[in-house]
Amino acid sequence: MKLAKRIENVPPYLFAQIDKKKAALKATGADIIDFGIGDPDLPTPEHINDVLHAALDDPKHQQYPPYEGTKEFRQAVATWYKKRFNVDLDPEKEVMALIGSKEGIAHVFFAFIDSGDIALIPDPAYPVYKVACILADGSPRFMPLTKEHGFLPKFEDIPRSVADKAKLMFLNYPNNPTGAVAGEKFLKQAVDFAKKHDILICQDFAYSEIAFDGYKLKSILEIPGAKDVAIEFHSLSKTYNVTGWRIGMVVGNSQAIAALSIIKTNVDSGAYKAIQHAAAAALTGPQDCIQETVKTFQERRDVLIEGLHSLGSKVAKPKATFYVWVKTPRGKTSSQFVEELMEKCAIITVPGSGYGKCGEGYIRMAITVKTPRIKEAIQRMKEAGIRF
Ligand SMILES: *Cc1c(COP(=O)(O)O)cnc(C)c1O
């Protein structure tokens with residue numbers, strides 16, 4: 001067998017590695033508390049499931065869906081964007097369905113990146129951006145996200161020669177893994193920078209609805225002129241607790257969406273129509289289920305943060321996402337601390353270094369764990385003598 005060279009350059013998927021370690025720990029009979037992968041443990045709202053149940057029996061859903069997504073789904077996305085962000089989208093040209101946003105995020109590189117082309121990727125970040133860039137034979141250039149700068153990239157630090165050559169830039173706010181948010185001022189700067197250097201912005205907005213203390217996120221498409229240079233990846237996964245359904249969307253610049261659709265029509269055949277129908281119902285139906293989800297995560301966030309503070313950590317409360325980005329105790333690397341939590345406390349966390357060089361010195365904790373178990377985790381850390 002002769003594998004492709006591009007495979008050799010791909011690190012093993014971060015969560016596949018963590019799953020292996022978790023399985024080994026489980027085999028010892030340990031009572032694991034899992035703050036690892038960010039997969040909501042909350043149920044899909046019943047009214048959304050009901051629509052899917054009925055849709056399964058409808059024979060018109062059994063066949064291949066339209067490549068760009070059903071009319072109904074694209075219209076529902078446009079309606080939701082108008083209502084939620086006051087952004088106008090043409091459902092025909094400015095909205096496309098994705099088989100989960102991860103699919104579109106990976107494929108967009110194949111539409112824009114030729115061999116050696118530069119893509120600007122945040123560090124730390126969701127690993128898919130970097131790896132998809134490598135798979136497309138592109139050259140990722142990293143934009144460090146530091147605490148001092150609110151985990152936002154500093155465009156002025158990107159050398160002009162790199163900026164001029166770059167074809168695509170990924171942004172992700174609210175941010176996984178840091179929990180950081182981006183305000184209007186930053187989004188404006190990003191649009192200006194992209195216009196100046198002719199770069200396509202790909203903003204990953206998976207956590208737009210998971211925001212706390214009444215905080216409301218802005219879509220980059222609310223910035224005047226953003227549609228000239230930006231597309232936004234979005235997903236129902238986190239908003240409605242449907243990660244396994246695999247349904248997302250890309251919205252914004254029509255030329256970029258048309259380019260991505262050329263890749264997609266040749267690689268996949270779209271998301272199951274029953275899923276698109278139920279997803280449309282989720283977007284156009286009652287939205288109070290989101291408040292319920294947010295309330296639960298906010299409560300968990302507060303318990304975890306308070307617990308970590310009691311152990312000497314100075315970690316800040318994230319305004320959005322269900323991640324807490326925790327600095328490791330002095331002198332411990334991300335991996336060392338993750339191992340320690342696993343061995344002494346049977347607690348699974350993710351090493352920040354898995355998200356990029358700049359994630360070193362942090363761990364990520366997903367609050368997809370029920371409140372009593374969060375309290376139990378803090379108690380275990382206390383008993384194991386862990387201090388920050
Ligand atoms: C969860 C997540 C996604 C992927 O969501 P799907 O629509 O389920 O593929 C994309 N980006 C980030 C940063 C995420 O955390």
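Order of listing sets the numbers, starting from 1, for every ligand and every atom in it. The analysis underlying the following values was restricted to heavy atoms, covering all of them including side chains, and did not include hydrogens, waters or symmetry mates. Small disclaimer: the values here were computed from a predicted structure and weren't measured.
- When Pro127, Ser235, Pro40 are ranked by how near their heavy atoms come to atom 7 (O) of ligand 1, first place goes to Ser235.
- In terms of N/O distances under 3.5 Å, ligand 1 is approached by Lys102.
- Ligand 1 has no nitrogen or oxygen under 3.5 angstrom from a nitrogen or oxygen of Thr243.
- The part of Arg246 lying near ligand 1 is the side chain, judged by heavy-atom distances below 4.0 Å.
- Among all non-hydrogen protein atoms, the one lying nearest atom 12 (C) of ligand 1 is Asp204 OD2, 3.3 Å.
- Only side-chain heavy atoms of Asn172 come within less than 4.0 Å of ligand 1; its backbone N, CA, C and O stay farther off.
- Applying the side chain to side chain donor-acceptor pair (under 3.5 Å) test to residues at least two apart or on different chains, the pairs with a partner in residues 125-135 are Tyr129-Asp204.
- Only the side chain of Ser237 comes within 4.0 Å of ligand 1, counting heavy atoms alone; its backbone N, CA, C and O stay farther away.
- Between Phe205 and Tyr81, the distance from one ring center to the other does not fall under 6.0 angstrom.
- Near Asn176, the atoms of ligand 1 lying under 4.0 angstrom from a non-hydrogen atom of the residue are 13 (C), 14 (C), 15 (O).
- Counting only heavy atoms of the protein, atom 5 (O) of ligand 1 lies nearest to Ser101 OG, 3.3 Å.
- Between Tyr362 and Phe337, the gap from one ring centroid to the other reaches at least 6.0 Å.
- Ionic pairing of Glu184 and Lys188 is present here: one or more N-O contacts between side-chain nitrogen and carboxylate oxygen are shorter than 4.0 angstrom.
- At a 3.5 angstrom cut-off on N or O pairs, Lys238 counts as close to ligand 1.
- Residue pairs meeting the side chain to side chain donor-acceptor pair (under 3.5 Å) criterion with at least one member in residues 303-317, sequence neighbours excluded: Asp302-Lys317.
- If you look at Phe170 and Phe109, their ring centroids are closer than 6.0 Å.
- Taking the centre of each ring, Tyr207 and Phe322 come in below the 6.0 Å mark.
- Between Trp80 and Phe85, the ring center distance clears the sub-6.0 Å criterion.
- Lys82 has a carboxylate O that lies under 4.0 Å from a charged side-chain N of Asp88, or vice versa, which qualifies the two as a salt bridge.
- Within ligand 1, counting atoms from 1 as listed, the ones closer than 4.0 Å to a heavy atom of Gly100 are 7 (O), 9 (O).
- Gly248 does not count as a contact of ligand 1, since none of its heavy atoms falls under 4.0 Å from the ligand.
- Polar contact with ligand 1: present for Tyr207 (N/O pair, distance under 3.5 Å).
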